[in-house]
Amino acid sequence: MLAQALGAELAWRPAKATPKALRPFDYLAHTWNDLKLLRSRRPSFVVAQAQPHLAALAPYLGRVPYVVDAHNGQFQSWWRRVPSTATVLRGARLVLTHTQEADVIARAAFPGLRTLVVHDPLRQIPPAAPRDWVFVVATVAPDEPMDVLIDAIEAMPEVNFVTTAPLHRLPPPLRERAEGLPNFTTLGFLDLPDYEAALAGARAVVVLTDRDATQPSGACEALSAGRQLVLSHTRTTEALFGSFATLVANEPEALAAGVRKAIGDDPAAAGRIAAAREAWMSRTEAELEMLRSHVSARATR
């Protein structure tokens with residue numbers, strides 16, 4: 001969505017090294033390939049998504065103006081302490097953060113850093129055939145309380161849940177419990193149209209995080225699709241999604257109650273979601289216009 005908003009070409013660099021110990025070789029290969037691409041395409045600017053900040057190493061070395069699109073892990077994990085981090089981030093024309101809280105964290109970690117808050121751009125996901133399931137957006141990331149999710153699903157045998165999360169990455173005991181639940185189905189990897197249809201047809205969408213200052217992308221997807229959202233309650237999620245989402249504590253009982261509320265009959269829900277989506281898109285368009293102006297001005301210098 002960011003590439004589309006900027007009229008930029010998207011270059012995807014998937015990790016090929018399965019053992020994390022070999023991941024540095026991936027980063028070296030990506031940097032080499034990106035340097036070759038920069039020499040051949042000669043872009044006026046580059047946007048590098050982080051973490052890791054190493055995604056911006058090629059434009060840094062190639063002296064091409066670049067912007068770092070920094071996700072929370074860049075500033076709220078060990079990545080901020082990697083020796084080259086400060087050099088690469090300070091070399092950026094601009095560092096994008098995604099919430100006001102994350103922006104504060106970034107500026108505290110790297111005083112003087114040039115930042116701009118840009119919330120996730122939305123696009124309206126078209127309606128899909130209704131499905132008798134609650135869609136769980138998850139990636140089994142460290143900030144996702146999967147044990148809470150499994151406990152809640154186990155306590156709600158009357159409600160069907162689906163996910164595309166790679167459950168094989170869960171610790172063995174939790175994975176065995178998840179795979180044994182008759183009301184929890186793994187859809188596996190889905191192409192974008194199928195993924196959006198699975199989400200847009202859901203009775204509700206569940207997104208969990210236990211990390212502050214996080215803007216969950218799954219929550220933005222639910223808003224894009226106009227679906228009821230059950231979301232972990234933090235100061236950030238309340239500020240961003242509190243006008244329409246069912247916010248819950250990361251506890252099985254609270255999550256189960258939130259899901260039951262979300263799938264209940266609420267005639268006013270569609271109006272609240274539509275109003276929240278319109279306000280979000282209006283704000284983000286203003287943020288993107290600031291980014292476009294900044295990138296255009298910097299790229300010509």
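Only this structure's heavy atoms are used, side chains among them; waters, hydrogens and symmetry mates stay out. Small disclaimer: the values here were computed from a predicted structure and weren't measured.
- Put simply, Val134 and Val248 are part of the same group of oily side chains (I, L, V, M, F, W, Y) that touch within less than 4.5 Å, one to the next.
- Relative orientation of the Trp280 and Phe241 rings is parallel, given thresholds of 30° and 60° on the angle between their planes.
- For the pair Leu167/Phe184, a side-chain contact is recorded, criterion being any heavy-atom separation below 4.5 Å from C-beta on.
- Looking at Phe161 and Asn183, their side chains come closer than 4.5 Å, going by heavy atoms from C-beta outward.
- Under a 3.5 Å cut-off, the side chain of Arg169 and the backbone N or O of Val140 do not form any donor-acceptor pair.
- Between the OG1 atom of Thr97 and the CZ atom of Phe75 there is a distance of 7.5 Å, given to the nearest 0.5 Å.
- Of the N and O atoms on the side chains of Thr87 and Ser84, not one donor lies less than 3.5 Å from an acceptor on the other residue.
- For Arg272, the CZ atom counts as densely surrounded, since its 6.0 Å shell holds more than 12 non-hydrogen atoms of other residues, nucleotides or ligands.
- Atom CG of Leu2 is separated from atom CG of Leu288 by 6.5 Å, given to the nearest 0.5 angstrom.
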Run the numbers on Glu221 and Leu199 for side-chain contact (heavy atoms from CB on, under 4.5 Å), then give the verdict. CA-CA 8 Å; Glu221 292 173 350; Leu199 184 143; 3.9 Å; yes
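- Counting only distance, with no hydrogens or angles, the side chain of Arg114 and the backbone of Arg93 share a donor-acceptor pair below 3.5 Å.
- Here the closest non-hydrogen pair linking Pro252 and Ala152 is O-CB, 3.8 Å.
- In this structure, Cys220 and Leu122 have side chains that are in contact, with non-hydrogen atoms separated by less than 4.5 Å.
- The structure places CD of Glu238 at 10.5 Å from OG of Ser243, a figure rounded to the nearest 0.5 Å.
- Pro121 and Thr284 get closest at one heavy-atom pair: CA-CG2, 3.7 Å.
- Counting only heavy atoms from C-beta outward, the side chains of Arg175 and Pro172 approach each other to under 4.5 Å.
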Leu255 and Leu149: CA distance, side-chain angles, deciding distance, side-chain contact (heavy atoms from CB on, under 4.5 Å) verdict: CA-CA 8 Å; Leu255 176 55; Leu149 174 68; 4.3 Å; yes
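- Side chain of Thr237 to backbone of Ser232: a donor-acceptor contact under 3.5 angstrom is found.
- If you take CG on Leu231 and CG on Leu223, they are separated by 11.0 Å, rounding to the nearest 0.5 Å.
- Residues Leu35 and Gly62 come closest through the heavy atom pair CD2-N, 4.1 Å.
- A donor-acceptor pair under 3.5 Å is formed between the side chain of Tyr66 and the backbone N or O of Val88.
- Side-chain contact between Arg80 and Phe110: present, with at least one pair of heavy atoms (C-beta onward) separated by less than 4.5 Å.
- When atom types are taken as modelled, the side chain of Ser40 and the backbone of Leu37 share a donor-acceptor pair closer than 3.5 angstrom.
- A salt bridge is absent between Glu101 and Arg235: the closest approach of a Lys/Arg side-chain nitrogen to an acidic carboxylate oxygen does not fall below 4.0 angstrom.
- Counting only heavy atoms from C-beta outward, the side chains of Asn160 and Arg131 never approach each other to under 4.5 Å.
- No continuous path of hydrophobic side-chain contacts links Val117 to Val67 [ILVMFWY only; heavy atoms under 4.5 Å].
- Here the closest non-hydrogen pair linking Arg107 and Leu113 is NH1-O, 3.9 Å.
- Salt-bridge formation is detected for the pair Glu289/Arg292: a Lys NZ or Arg NE/NH1/NH2 atom is positioned less than 4.0 Å from an Asp or Glu carboxylate oxygen.
- Put simply, Val64 and Leu10 are part of two different groups of oily side chains (I, L, V, M, F, W, Y) that touch within less than 4.5 Å, one to the next.
- Side-chain contact between Leu291 and Glu287 is absent, with no heavy-atom pair separated by less than 4.5 Å.
- Under the 4.5 Å side-chain criterion, counting only non-hydrogen atoms from C-beta, Thr31 is not in contact with Tyr60.
- Note that CG of Asn72 is 15.5 Å distant from CH2 of Trp79, once rounded to the nearest 0.5 Å.
- Under a hydrophobic clustering in which Ile, Leu, Val, Met, Phe, Trp and Tyr are joined whenever their side-chain heavy atoms come within less than 4.5 Å, directly or via other members, Leu61 and Leu38 fall into the same cluster.
- Hydrophobic clustering places Leu170 together with Leu181 (ILVMFWY residues linked when any side-chain heavy atoms are closer than 4.5 Å, directly or through intermediates).
- No side-chain donor from either of Gln228 and Thr246 sits under 3.5 Å from a side-chain acceptor of the other.
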side-chain contact (heavy atoms from CB on, under 4.5 Å), that's the test. Do Arg177 and Asp151 meet it? Break it down for me. CA-CA 9 Å; Arg177 284 184 57 203; Asp151 286 345; 2.7 Å; yes
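- Distance CD/Glu278 to CD1/Ile273: 14.0 Å, rounded to 0.5 Å.
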Pair Val68-His53, side-chain contact (heavy atoms from CB on, under 4.5 Å): steps then yes or no: CA-CA 8 Å; Val68 173; His53 65 284; 5.8 Å; no
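- Side-chain contact of Thr234 with Asp212: a donor-acceptor pair under 3.5 Å is absent, judged by distance alone.
- For the pair Arg260 and Glu158, the salt-bridge criterion is met [side-chain N within less than 4.0 Å of a carboxylate O].
- Considering all non-hydrogen atoms of both residues, Ala249 and Ala254 come closest at O-CB, 3.7 Å.
- Within a 6.0 Å sphere centred on CE of Met290, heavy atoms belonging to other residues, nucleotides or ligands number 12 at most.
- Within the 3.5 Å criterion, the main-chain N or O of Pro14 finds a donor-acceptor partner in the side chain of His30.
- Among Val137, Val136, Val230, the single residue meeting the side chain to side chain contact (heavy atoms under 4.5 Å, CB included) criterion with Val207 is Val137.
- Within the 3.5 Å criterion, the main-chain N or O of Ser224 finds a donor-acceptor partner in the side chain of Arg277.
- Using a cut-off of 4.0 Å between Lys/Arg side-chain N and Asp/Glu carboxylate O, Asp266 and Lys261 are scored as not salt-bridged.
- No side-chain donor from either of His119 and Gln215 sits under 3.5 Å from a side-chain acceptor of the other.
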